[in-house]
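Below is one structure, written out as structure tokens; the observations come after it.
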Amino acid sequence: AIVLFGFLIGDPGTWTERALVVLVAASPCALAIAVPVTVISAIGAASKFGVIIKSGEAFEQLGTIRAIALDKTGTLTRNQPVVVEVHPAPGVTREELLAWAAAVEATSTHPLATAITTAAPSAPAAVDVLEDAGHGITGRVGGRTVRVGNARWLDVSEQSDIAEHMAGQGMTVVVVEVDGRFAGLVGVRDELRAESAETVRMLHAQGIDTVMLTGDNARTARAIAREAGITDVQAEQLPRDKADAITALVATRPTAMVGDGINDAPALATATVGIAMGVKGSAAAIESADVAFTGHDLRLIPAALAHARRGRRIMTANIALALAIIVVLFPLALFGVLGLAGVVLVHEIAELIVIANGVRAARRPALARSMSTPAAPQPEPQAAAPTASSVTEHVDAHIAPIAAGAPVIDQGTTSPALLGVAACVLGVLCGLLLIVATRWVHRTRRPQPERGLLPLLRALLPAPAPPRAAAFTLTQLSISRT
């Protein structure tokens with residue numbers, strides 16, 4: 001359109017040049033790098049303080065989170081459950097009850113199984129073991145069928161009062177059944193992490209709502225939630241129920257799910273952002289999550305959210321600057337205020353600003369810096385859950401090197417941001433050379449003959465009559481006076 005306008009007014013050369021300058025002015029150079037530079041810098045920085053973000057989309061979504069659902073066992077608690085009470089049925093000894101339960105739980109990776117097998121380490125493993133997620137586990141021990149699970153799956157009517165009392169003390173009630181008959185109760189308690197209450201306070205300070213989702217009974221869940229400072233509790237949740245609860249939360253606001261067990265995998269996959277406790281989490285949980293932690297400190301959650309929010313602010317600023325440059329350059333290039341060299345120079349300077357602003361996302365957030373001193377030392381359990389090396393291949397490639405202490409970014413390679421800055425500096429120099437060359441060409445340019453429709457119109461239309469000569473010139477007038 002611009003070139004056609006030049007032909008209409010008889011100056012196609014000038015307007016063709018301006019059309020080319022407009023194309024350069026409208027090119028989204030800074031806009032194209034506004035987001036990638038920020039995302040790469042932020043993801044690299046997050047990995048340095050123990051947060052593995054699998055994709056740029058996950059990072060962007062992480063900055064929008066307004067609610068977080070937390071699993072209880074292994075997430076809010078220390079993941080070091082211990083057997084604190086045993087109540088066998090009449091005719092069953094304490095040792096027999098623990099041996100039956102430990103035999104069936106020997107092959108399970110659930111944290112509660114670790115506590116039971118630790119209480120009866122010499123129990124032989126059961127055969128024909130079948131695990132029912134969210135309910136319990138079944139196996140054969142010495143020719144008997146033993147089932148171990150929660151009170152929703154197995155009948156506790158014989159000791160219902162004892163089960164209620166144990167739940168009120170914050171214990172997880174494990175029911176043991178042998179050959180279809182009630183055999184007793186095992187009370188397992190997992191203490192709250194030292195930093196759990198602090199983490200919840202930090203999340204609330206950021207304006208983020210917290211919800212507890214747990215498969216435990218309501219009384220146990222409320223007791224733990226009260227200590228952590230969480231008021232919204234949804235207990236007795238099966239894996240399917242957790243996924244449904246997350247779906248309901250996501251429908252109202254962006255929601256993250258934090259978990260570590262196989263029961264949390266459906267909810268992690270359903271949430272806006274799934275966050276797995278990577279070191280002690282199950283492989284299914286880490287595979288389903290978008291973000292994984294290489295440590296067990298819950299304060300990584302508010303630190304990661306603050307980091308992602310800051311990254312989104314930087315991305316927004318970069319996009320706004322890139323769009324503003326295009327809006328301003330377009331009319332200046334169209335009306336000839338800026339030539340090609342000037343437009344290129346402005347674009348290169350804008351790219352330098354965008355890159356420099358994006359690199360700011362690589363700074364470690366203040367919350368992560370405050371975590372240099374742990375909340376409290378927590379010894380690792382002897383029977384640890386699967387580590388990062390047991391995770392699926394595409395996640396293990398990210399987590400295993402960090403868990404082993406290897407550097408996240410190869411310090412011997414050149415930073416992509418540094419390469420971008422160097423390229424932009426080179427572009428600025430090229431722009432300056434273009435300015436010098438353009439001025440030299442304009443000084444040496446010869447006048448060009450008129451082209452286009454205007455000379456043709458002048459040839460077709462009659463020439464205007466010349467102005468009539470004056471009767472007397474000034475010289476004649478002066479002679480006549482003399």
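Everything quoted here is computed from the prediction, not taken from an experiment.
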Determine, stepwise, if the pair E236 / R152 fulfils side-chain contact (heavy atoms from CB on, under 4.5 Å). CA-CA 8 Å; E236 301 181 357; R152 299 187 309 276; 3.6 Å; yes
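- Contact of the P302 side chain with the T199 side chain is registered, since non-hydrogen atoms from C-beta on lie closer than 4.5 Å.
- In this structure, CD1 in I301 is found 10.5 Å from CG in L62, a value given to the nearest 0.5 Å.
- For K54 (side chain) and A289 (main-chain N/O), a donor-acceptor pair under 3.5 Å exists by modelled atom type.
- When all heavy atoms are compared, the tightest approach of Q206 to R309 is O-NH1, 3.1 Å.
- The two residues E131 and S108 come nearest to each other via the heavy atoms OE2-OG, 3.9 Å.
- Judged purely by atom type and a 3.5 angstrom limit, R312 has no side-chain atom pairing as donor or acceptor with the backbone of F59.
- The shortest side-chain heavy-atom distance between I355 and I33 falls under the 4.5 Å cut-off.
- Rounding to the nearest 0.5 Å gives a distance of 11.0 Å between CD1 of I68 and OG1 of T272.
- Listed by chain and number, the residues in a side chain to side chain donor-acceptor pair (under 3.5 Å) with T220 are N217 (sequence neighbours excluded).
- Counting heavy atoms from C-beta on, the side chains of Q237 and T214 never come closer than 4.5 Å.
- Nearest heavy-atom pair across A276 and A285 is CB-O, 3.8 Å.
- Residues R78 and L192 are not in side-chain contact: their nearest non-hydrogen atoms beyond the backbone lie 4.5 Å or more apart.
- Classified by interplanar angle (parallel below 30°, tilted 30° to 60°, perpendicular above 60°), the ring pair H135/W153 is tilted.
- Judged purely by atom type and a 3.5 angstrom limit, D241 uses its side chain to pair as donor or acceptor with the backbone of L238.
- Between Q234 and A245, the shortest heavy-atom contact is OE1-CB, 3.4 Å.
- Atom CG of L268 is separated from atom CG of D290 by 8.5 Å, given to the nearest 0.5 angstrom.
- From E287, atom CD reaches atom CD1 of I262 across 10.5 Å, with rounding to the nearest 0.5 Å.
- Closest of all the heavy-atom pairs between V273 and I65 is CG2-CD1, 4.1 Å.
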Evaluate the criterion salt bridge (Lys or Arg N to Asp or Glu O under 4.0 Å) for residue pair D190 and K72; output intermediate values, then yes/no. CA-CA 9 Å; D190 193 2; K72 181 183 75 69; over 6 Å; no
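- Side chain of N357 to backbone of I353: no donor-acceptor contact under 3.5 angstrom is found.
- With a 4.5 Å cut-off on side-chain heavy atoms, T270 and M257 do not count as touching.
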Dump the intermediate steps for salt bridge (Lys or Arg N to Asp or Glu O under 4.0 Å) on E60 and R313, then the final yes or no. CA-CA 10 Å; E60 294 182 40; R313 290 196 297 269; over 6 Å; no
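- Put simply, NZ on K242 and CD1 on I246 are 9.5 Å apart, with the number rounded to the nearest 0.5 Å.
- The nearest pair of heavy atoms linking I275 to A256 is CD1-CB, 4.2 Å.
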Stepwise, does the side-chain contact (heavy atoms from CB on, under 4.5 Å) test hold for I325 with V346? CA-CA 8 Å; I325 292 295; V346 172; 4.3 Å; yes
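- Between M202 and I208, every side-chain heavy-atom pair lies at or beyond the 4.5 Å cut-off.
- In the model, N318 has a side-chain atom that pairs as donor or acceptor with a side-chain atom of T38 under 3.5 Å.
- Distance check: I137 CD1 to E105 CD gives 5.0 Å after rounding to the nearest 0.5 Å.
- Proximity of L323 to L31: side-chain heavy atoms (C-beta onward) are separated by under 4.5 Å at one or more points.
- At a threshold of 4.5 Å between non-hydrogen side-chain atoms, the residues M212 and L70 do not count as touching.
- For A67, the side chain to side chain contact (heavy atoms under 4.5 Å, CB included) criterion is met by D209, R253, T255, not counting sequence neighbours.
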